[in-house]
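Residue numbers begin at 1 in each chain, while the letters A, B, ... track the order of the sequences.
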Amino acid sequence: MPVYFFNTMNRRREEFKPLKDGEAKMYTCGPTVYNYAHIGNFRAYIFEDLLRRALKYHGYKVTQVMNLTDVDDKTIRDSQAAGKELTDYTKVYKEAFFNDLKVLKVDPAEHYPAATEHIKEMIGLIKILMGKGFAYQAEDGCIYFSIAKFPAYGKLAKIDMENQQAGVRINTDEYAKDSVADFALWKAWDEADGNIAWDSPWGKGRPGWHIECSAMSMKYLGKTFDIHTGGIDNMFPHHEDEIAQSEAANGCTYVNYWLHCAHLMVDGDKMSKSLGNFYTLRDLEEKGYSGEELRWVLLGTHYRKKLNFTLDACDQARITLMRFRELFLKLLSVENEGDVREEITTMIAGHKKQFGDAIGDDLNISDALAAVFNLLRDSNREFDSGSLTKAEAEAILAQFADFNTVLDVFDLEPEEAEVPADIMTMAEKRQEARKNRDFATADALRDELKDKGWFIEDNPDGWRVKPL
RNA sequence: GGCGUGGUGCCCAAGUGGUCUAAGGGAGUGGUCUGCAAAACCAUUAUUCACCGGUUCGAAUCCGGUCCACGCCUCCA
């Protein structure tokens, strides 16, 4: 079954044709570890997780690289402000980042190269660019990439450099570069860098931001690879610069498919570090939301569409996931003997097909979730009819497990909550009252239990107590 | 100024030339069940897809124009 992606390079939905059959190599722009990542960052990481899981669902072997930017203006600035060594400072946020990924059930990438551990590769790449005449050393000692030497510059962002207004806030006089748009490959050391410096053929200094992605993707994925992902705002200039560096140095196509994820908004406003209106995962965990609930919210909007994040949506996610949980509990309780009826097999297969087609069609999550909800509804209906066999219930649960390899939001083996003895006693007293048709007492006890956080549910064949 | 995205029911949202009198979720309403609830299920809520014009046997889907909202061009996923 073919898989399709919307390729930003051509602004079209295209069939995915990997360089090597059955394998997908992807590179993802990772975090700059100078602070805790916020929920908007995680929107992107969850999109990339969905992408790799969708590829795997369709049988691809995935090799993903995600870089960690642990040296740049911000990490240097903030580590100095904190009075810490750079590596000690970034270590804290690296660890926090991996912990957050775990909470959100983001599958780990195959490689997480850190910029500071690949200085040698970056210098090597800059050497090639210098050798081929694409880069030059300016009077300030920095090495710049000369955009004028790379005519294809702007092909991803569809920017024609001739027509660009010189940025309103750029003071051209401050720069030693030949052209304002030229970007730094290597930054010569200055006092603000403190003790952060590496030796290079061009004097001591540190790499520019863009060069790390080109150098590290080349090392782990090759000169040309299948998929490059990132946030829409990284498209220009960062990804454009990556293309320029890599294609100038290697003389071949850098990436075949570019996938960009839209922004996350909070209550209708753009969220960003500079605006300061952001939630970290910690903030939301403190409010009592689980990783699965947040994952459900971040997963639910198609990646190319702006996602409006609200706490209301998180509350809703809890209720929705509870609906599934209730179904799983019901299915696990089925004991009827018997085979799996043909119609059940057909029903399950139909929903599986819808799900697979949807997730393979540029990650159409809405349609994929529709399939999941359709299975929920049909399963409930079958359960209610009372004819469901244990084998059928297991087949349905197996299908949810299959969906869960992509979604990873369900607990497929939920357990009934432990009910404290005093709560149980009250519930039993209520049943007694109901039996005697003393509904006033029964309802009073039900209200009292509700105040204590427990809910009594009467079923045709009994009753149960569950937490609110 | 340049580049780009989007406007689908009360809300979120899929669908991008015929099976669309438009999927799915939320909310509402009616019903089955229940002592009453809850849960679950059933029914119901867009002859219509921002607006105007065009192409076509046929358009939410293509083309042109208008209006509105938003993003990037500057560190940011």
Side-chain angles (χ1 to χ4, degrees), chain A residues 8 11 13 28-32 34-35 37-48 72-74 77 154 156-170 180-181 209 229-238 240 260-265 268-275 278 300-308 310 312-313 315-317 319-320 322-323 326-327 329-330 354 358 361 364-374 376-385 433-435 437-440 442-443 446-447 450 455-460 463-464 466 468:
Chain A
T8 312
R11 311 288 156 109
R13 176 178 168 280
T28 299
C29 289
T32 300
Y34 72 113
N35 209 326
H38 60 64
I39 198 74
N41 300 126
F42 290 117
R43 197 262 165 116
Y45 301 137
I46 285 184
F47 143 61
E48 285 138 4
D72 77 325
D73 294 349
K74 288 172 294 195
R77 178 195 66 203
L156 176 67
K158 309 282 179 255
I159 284 173
D160 179 356
M161 293 317 286
E162 304 276 304
N163 283 340
Q164 285 305 292
Q165 231 182 17
V168 193
R169 278 181 269 165
I170 293 174
V180 215
W209 175 44
T229 65
I232 187 86
D233 49 354
N234 265 165
M235 185 167 91
F236 191 88
H238 185 237
E240 199 66 61
H260 290 96
C261 163
H263 273 281
L264 172 140
M265 323 271 284
D269 282 321
K270 183 189 167 184
M271 166 157 131
S272 71
K273 289 185 182 177
S274 49
L275 290 177
F278 64 90
T301 297
H302 184 79
Y303 75 93
R304 282 191 288 114
K305 191 151 183 155
K306 281 193 286 286
L307 186 160
N308 190 24
T310 61
D312 203 47
D315 294 334
Q316 188 54 51
I319 294 167
T320 302
M322 200 63 83
R323 279 184 71 193
E326 293 287 309
L327 171 67
L329 282 168
K330 287 198 273 185
Q354 183 188 353
D361 183 9
N364 188 337
I365 191 68
S366 301
D367 197 19
L369 290 181
V372 178
F373 278 108
N374 287 336
L376 172 78
R377 184 200 55 226
D378 287 348
S379 304
N380 268 130
R381 198 179 345 197
E382 291 298 331
F383 179 86
D384 288 354
S385 77
R434 272 189 80 208
K435 222 172 171 180
R437 306 194 67 78
D438 178 4
F439 297 122
D443 290 351
R446 185 164 63 190
D447 288 344
K450 204 172 175 183
F455 188 84
I456 295 194
E457 194 177 280
D458 300 321
N459 297 311
W463 55 277
R464 58 187 274 244
K466 61 178 186 181
L468 277 176

Tell which nucleotide pairs with [N], taking only Watson-Crick or G-U wobble pairs whose two distances are both under 3.5 angstrom.
N	result
B/A69	B/U5
B/U55	none
B/C10	B/G26
B/A40	B/U32

What does [X] touch in the nucleic acid at a heavy-atom separation under 4.0 angstrom: a base, only the sugar-phosphate, or nothing?
X	result
A/Leu264	base
A/His302	sugar-phosphate
A/Ile456	base
A/Asp73	nothing
A/Ala313	nothing
A/Arg43	nothing
A/Gly230	sugar-phosphate
A/Gln316	sugar-phosphate

Nearest-Å distance once atom [atom1] is located in both [N] and [M]:
N	M	atom1	value
B/C49	B/A23	C1'	14 Å
B/A39	B/G7	C1'	38 Å
B/G18	B/C70	C1'	33 Å
B/U44	B/A22	P	11 Å
B/A14	B/U29	C1'	25 Å
B/A59	B/U8	C1'	14 Å
B/U21	B/U45	P	15 Å
B/U19	B/A60	C1'	16 Å

Of all the choices, [options], which nucleotide is nearest to the side chain of [X] once you look at every atom?
X	options	answer
A/Asn41	B/G26, B/A77, B/C41	B/A77
A/Asp458	B/G25, B/A37, B/C73	B/A37
A/Lys306	B/C70, B/A77, B/A13	B/C70
A/Phe439	B/G35, B/A77, B/C70	B/G35
A/Phe455	B/G35, B/C76, B/A38	B/A38

Counting just side-chain N and O atoms, does [X] come under 4.0 Å of either OP1 or OP2 of [N]?
X	N	value
A/Lys305	B/A14	yes
A/Asn364	B/A14	no
A/Arg377	B/A40	no
A/Arg323	B/G25	no

Taking every non-hydrogen atom, the tightest pair across A/Ile365 and A/His302: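 Shortest heavy-atom contact: CG2-N, 3.7 Å.
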Minimum-distance pair of heavy atoms, taken over all atoms of A/Lys330 and A/Asn380: NZ-ND2, 2.6 Å
Could you tell me the separation between the [atom1] atom of [X] and the [atom2] atom of [N], rounded to a whole number of Å?
X	N	atom1	atom2	answer
A/Phe236	B/C75	CZ	C1'	14 Å
A/Asp312	B/A27	CG	C1'	11 Å
A/Asp367	B/A22	CG	P	17 Å
A/Leu307	B/C70	CG	C1'	15 Å
A/Phe373	B/G24	CZ	P	11 Å
A/Leu329	B/A39	CG	P	16 Å
A/Phe383	B/A40	CZ	P	12 Å
A/Asp315	B/A27	CG	P	12 Å

Position toward the 5' end of RNA chain B (nearest nucleotide), A/Gly300 or A/Arg434: A/Gly300
Nearest-nucleotide comparison on RNA chain B, the residue closer to the 5′ end among A/Ile232 and A/Ala157: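 In this pair, the answer is A/Ala157.
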Is the backbone N or O of [Y] less than 3.5 Å from a side-chain atom of [X], with the two atoms forming a donor-acceptor pair by type?
X	Y	result
A/Arg43	A/Ala262	yes
A/Asp361	A/Ala358	no
A/Glu240	A/Ala157	yes

Side-chain donor/acceptor of A/Asp443 to base of B/G35, under 3.5 Å: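 Check passes, donor-acceptor contact within cut-off.
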Distance-only donor-acceptor test (3.5 Å): side chain A/Arg446, base B/C36: yes
Crowding at CG, A/Asp312 (>12 non-hydrogen neighbours, <6.0 Å):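 No.
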N-O pairing of A/Arg446 and A/Asp443 below 4.0 Å: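 Yes, charged N to carboxylate O under 4.0 Å.
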Pairwise distance CD1(A/Ile46) to CG(A/Asn41) - rounded to 0.5 angstrom: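 Going from CD1 on A/Ile46 over to CG on A/Asn41, the span is 11.0 Å.
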Step-by-step salt bridge (charged side-chain N to carboxylate O under 4.0 Å, His left out) determination, A/Arg381 to A/Asp384: CA-CA 5 Å; A/Arg381 198 179 345 197; A/Asp384 288 354; over 6 Å; no
